[in-house]
Amino acid sequence: MPHAARPTVTLHDVAAAAGVSVSTASRVLSGSTRKVAPEYEARVLAAAQALRYTADAAARAMRRAGDAIALVADDLTTPSIGMMVAAMEREARTAGAFVTVSSTMGVPDRQLDTIRVLRALRPRALVLTSGHFMADELEGRLGAELSSYEREGGRAVIVGETETPFPAIGFDNYHAAQSMGAFLAETGHRRVAIFGGAGDLRNMSDRTAGFVDGLQAGGVDPRDVRTISCAVSRDGGFEAARRLAEEGMDGRQAVLAANDIIAIGALSGFRAAGVNVPGDVSVTGIDDIPLARDVTPRLTTMALPLAHAGAEAIRLALSGTETGGRLCLRGHLVVRESTRPRR
């Protein structure tokens, strides 16, 4: 027997299911520039999806020029994320959109739950930036959620991990760190400590590996390279420096910190312990956050184009192209007063 045709769902059906007027439902689903309260918009879009109201109704709603771009980040208090978010907001305003921000602290379940909630609100695009992304997560539940969102007409962009099936922007953390390690080796540093972050952070592990390879390529004996794990924070760098100072510096001539915040904490820790920077030990970072130029001594670092990454993420999110782009950004060395040659 032939299958019975599915009853046509009308705009009135959607409005009734959402508990709103037909005109309100029409404004939401037609992409009208007239604003609708977010709670009503969410109810209309949820009803349209549940009733399967035309195949492209939800997609039309997402393509409105004034829709939000939802940013999902780890810790919004870090300077590097702050620089990217500020650039995202500027770029979004230029395009007539605006950015909403959610923090997950990098916890996979919180990332997943946040994306599920945001999907119901129908943002125009989702931009996820995290140091915790791993390939299996983006191919597993998190990836499935993002793929469903894209099938509904949205666009997902990943910042911080380029090995994904989605449009992505990342930083060449390994080569940035390798260049910094090579710089210290070239300037005569032979016994070096690396202040690295937690092992589950992809950017931190890539930087630690780069430091080691850059030092060894410059002639530093691997036995003279010591890695000290610490929290990715000012306090983490402070405590690592304090411990090293208590050990009499173990002959270390330099500290390679995995980011500027750790390095700035190390500067304070050495100062508190009476260790002179750069007289007794050179200290370097990665990122080039604004504070790196204001601490004493000013921090030698590998500058990453953080603001450029934020702006490019928004451009990629709004590009409307079906193919995913890949952009890997490189850094450049900025030499300041926290390092001096050892000859």
Side-chain angles (χ1 to χ4, degrees), residues 73-84 103-107 110 129-134 160 171 173-174 176-177 180-181 184 189 191-212 215 225-250 252-278 280-304 306 331 336 338-339:
D74 289 347
D75 183 358
L76 297 173
T77 65
T78 64
S80 55
I81 289 294
M83 293 171 67
M84 284 195 283
S103 174
T104 66
M105 302 309 295
V107 178
R110 288 182 62 177
T129 177
S130 176
H132 292 260
F133 288 135
M134 296 298 176
F171 298 102
N173 289 295
Y174 172 82
M180 184 62 82
L184 282 187
H189 298 82
R191 286 182 60 81
V192 180
I194 297 170
F195 288 1
D200 65 336
L201 295 171
R202 172 71 178 270
N203 58 345
M204 295 291 109
S205 60
D206 284 351
R207 292 177 187 185
T208 298
F211 286 148
V212 172
L215 289 167
V225 179
R226 177 183 175 187
T227 299
I228 300 175
S229 295
C230 66
V232 184
S233 65
R234 180 266 179 198
D235 290 347
F238 183 95
E239 181 61 22
R242 186 192 63 79
R243 293 201 313 267
L244 191 59
E246 285 181 350
E247 297 171 3
M249 296 301 295
D250 190 28
R252 303 296 153 178
Q253 301 168 314
V255 166
L256 288 159
N259 70 9
D260 287 351
I261 290 298
I262 295 173
I264 289 167
L267 292 178
S268 296
F270 285 135
R271 186 180 303 112
V275 176
N276 180 265
V277 178
D280 299 322
V281 62
S282 295
V283 175
T284 68
I286 292 182
D287 282 339
D288 198 26
I289 63 175
L291 188 57
R293 289 162 262 168
D294 296 325
V295 293
T296 303
R298 297 190 308 155
L299 185 64
T300 292
T301 188
M302 187 65 64
L304 297 182
L306 299 168
R336 299 192 181 107
S338 68
T339 56

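As the structure is a computational prediction, the values presented were derived from the model and not from experiment. Atom set for the values below is all heavy atoms of this structure, side chains included, hydrogens, waters and symmetry mates excluded. Position 1 is the first residue of the sequence; numbering continues from there.
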In sequence, state the C-alpha distance, the side-chain angles, and the governing distance for F270 and D280, and then conclude on side chain to side chain contact (heavy atoms under 4.5 Å, CB included). CA-CA 10 Å; F270 285 135; D280 299 322; over 6 Å; no
Using every non-hydrogen atom in the two residues, find where [X] and [Y] come nearest and quote the distance to one decimal.
X    : Y    : value
G236 : C230 : O-CB, 3.5 Å
F195 : A266 : CE2-CB, 3.9 Å
R252 : V225 : NH1-N, 4.0 Å
H189 : S282 : NE2-OG, 2.9 Å
I228 : R243 : CG2-NH2, 3.0 Å
T284 : A263 : O-CB, 3.6 Å

Let me confirm one number: the [atom1]-[atom2] distance from [X] to [Y], rounded to the nearest 0.5 Å.
X    : Y    : atom1 : atom2 : value
D75  : T77  : CG    : OG1   : 3.0 Å
N259 : I262 : CG    : CD1   : 4.5 Å
I264 : L299 : CD1   : CG    : 6.0 Å
F238 : R271 : CZ    : CZ    : 9.5 Å
D288 : T301 : CG    : OG1   : 5.5 Å
R336 : T296 : CZ    : OG1   : 12.0 Å

Is there any salt bridge (Lys or Arg N to Asp or Glu O under 4.0 Å) pair reaching into residues 225-241, and which pairs are they, with sequence neighbours excluded? R226-E247, R226-D250, E239-R242
For the pair V255 and L244, evaluate side chain to side chain contact (heavy atoms under 4.5 Å, CB included) and give the outcome as yes or no after the intermediate values. CA-CA 10 Å; V255 166; L244 191 59; 4.2 Å; yes
Mind checking whether [X] and [Y] have side chains closer than 4.5 Å, heavy atoms only?
X    : Y    : result
I286 : F211 : yes
Q253 : V192 : no
L304 : N173 : yes
L291 : D260 : no

Working for side chain to side chain contact (heavy atoms under 4.5 Å, CB included), residues V232 and T78: CA-CA 10 Å; V232 184; T78 64; over 6 Å; no
For the residue pair S80 and D287, confirm or rule out a side-chain donor-acceptor distance under 3.5 Å. no
Before you tell me yes or no, could you show the steps for D74 and M105 under side chain to side chain contact (heavy atoms under 4.5 Å, CB included), namely the whole-Å CA-CA distance, both residues' side-chain angles and the distance that decides it to 0.1 Å? CA-CA 4 Å; D74 289 347; M105 302 309 295; 5.9 Å; no
Indicate yes or no for a side-chain donor-acceptor contact from S338 to the backbone of V283 under 3.5 Å, with no hydrogens or angles considered. yes
